[in-house]
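Have a look at the structure below, then the notes.
Just so it is clear: chains get the letters A, B, ... in the order the sequence lines come, proteins before strands, and each one is counted from 1. Small disclaimer: the values here were computed from a predicted structure and weren't measured.
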Amino acid sequence: MLIATWNVNSVRMRLPRVIDWLATRRPDVLCMQETKVVDGDFPREPFEALGYRLEVFGQKTYNGVATASRHPMTDVVRGLPGEGPEDAKRVLEVTTGGIRVVNVYVPNGQEVGSEVFAAKLDWLRRLRGRLDAAFSPSEPLVLLGDMNVAPEDRDVYDPVRLAGTIHCSEPEREALRDVMAFGLRDAVRLFNDGPGLYSWWDYRAAMFRRNLGLRIDLLLVTEPLVARCRLSEVDKAARAGEKPSDHAPVFAEFA
DNA sequence: ATGGCTACTCCTAGTAGA
């Protein structure tokens, strides 16, 4: 069971690359973020032609999440509890292949101390609340997506210069640790504990070429999936070439 | 020291991303 997450930064702009990646890697599940398209305009056909089912939860211009799976998807839940039609489309839960798959696009937060930064922390608290209310850490569950938090200094290209700034601040890291305290492990770190491993690189200043990035796209798993996890990695090659997303796909395989 | 790119839109200039 191969499960992947990828912030595609517009599914319409990225469509050829996403479809090519699916055709090559053949994951069982791909969770996408920043699809930036209303549900009626989602380009479903190329996914379906490759044998994928789709669940989508999008909006105009910003945000939007979608999950493609080669297996049936049941118990679909859109958004966090208490959210309404005006709220940003950031969460899509499905059960597929016997695993609860929680696809999230965590708010960016813009600047530490800002109003939207406080909203980001509150959003992470509500995400933890959803896990507590609906799930158990003893069931197979993966929480994956663009967390917009680099968990530790080793996930940051220049932890000294970026100390305390957005994605790297202690309040964000504490909020993410609290989500993980539900009973989640960072799948990529099961296999690679070194520095220099990132999932996002700024489009500007040749940041990708110089490997100056952040690891903010995470695949977090409960203990039953830790036991089944055979590999997990960042597909850095998918960030190279023509018209890439600024994020790379992250994936893990489970026995 | 700054900003360096990309994608979006009822505004092709302003916003947001991270």
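Residue A:Arg53 holds its CZ atom at 14.0 Å from OG1 of A:Thr67, rounded to the nearest 0.5 Å. The CZ atom of A:Arg26 sits 9.0 Å away from the CG atom of A:Asp28 when rounded to the nearest 0.5 Å.
Between B:dG3 and B:dT9, the distance separating the two P atoms is 26 Å to the nearest Å. For B:dG14 and B:dC10, the C1' atoms lie 14 Å apart once the distance is rounded to whole Å. One C1' atom belongs to B:dA1, the other to B:dA7, and the distance between them is 28 Å to the nearest Å. Taking the C1' atom of each, B:dA16 and B:dC11 are spaced 16 Å apart, rounded to whole Å. Here, B:dA18 and B:dC8 have their P atoms 14 Å apart, quoted to the whole Å. Taking the P atoms as reference points, B:dG4 lies 15 Å from B:dT15, given to the whole Å.
When each of A:Lys60 and A:Asp246 is assigned the nucleotide of DNA chain B bearing its nearest heavy atom, the one mapping closer to the 5' terminus is A:Lys60. Place A:Ala205 and A:Ser10 on DNA chain B by their nearest nucleotides, and A:Ala205 ends up nearer the 5' end.
Here A:Arg100 does not pair with A:Glu139 in a salt bridge; the nearest charged N to carboxylate O distance is not below 4.0 Å. Comment: A:Asp153 engages A:Arg173 in a salt bridge, judged by a side-chain N to carboxylate O separation of less than 4.0 angstrom. Electrostatic pairing of A:Glu83 and A:Arg90 does not count as a salt bridge here, judged by no charged N lying under 4.0 Å from a carboxylate O.
With a heavy-atom cut-off of 4.0 Å to chain A, the contacted part of DNA chain B has its first and last nucleotide at B:dG4 to B:dA18.
Around atom CD of A:Glu115, no more than 12 heavy atoms belonging to other residues, nucleotides or ligands sit under 6.0 Å away.
Across all strands shown, A:Phe208 has no heavy atoms under 4.0 Å from either base or sugar-phosphate atoms. Residue contacts for A:Asn148: at a heavy-atom cut-off of 4.0 Å it reaches the sugar-phosphate backbone alone, with no base atom in range. If you check every strand for non-hydrogen atoms under 4.0 Å, A:Asn7 touches sugar and phosphate atoms only.
Near DNA chain B, defined here as any heavy-atom distance below 4.0 Å, the residues from residues 11-21 of chain A are A:Met13, A:Arg14, listed numerically.
The nearest pair of heavy atoms linking A:Pro137 to A:Pro224 is O-CD, 3.6 Å.
Checked against the 6.0 Å centroid threshold, A:Phe208 and A:Tyr203 do not count as a close aromatic pair.
At a cut-off of 3.5 Å, with distance as the only test, a side-chain donor of A:Thr5 or A:Gln33 sits close to an acceptor on the other residue.
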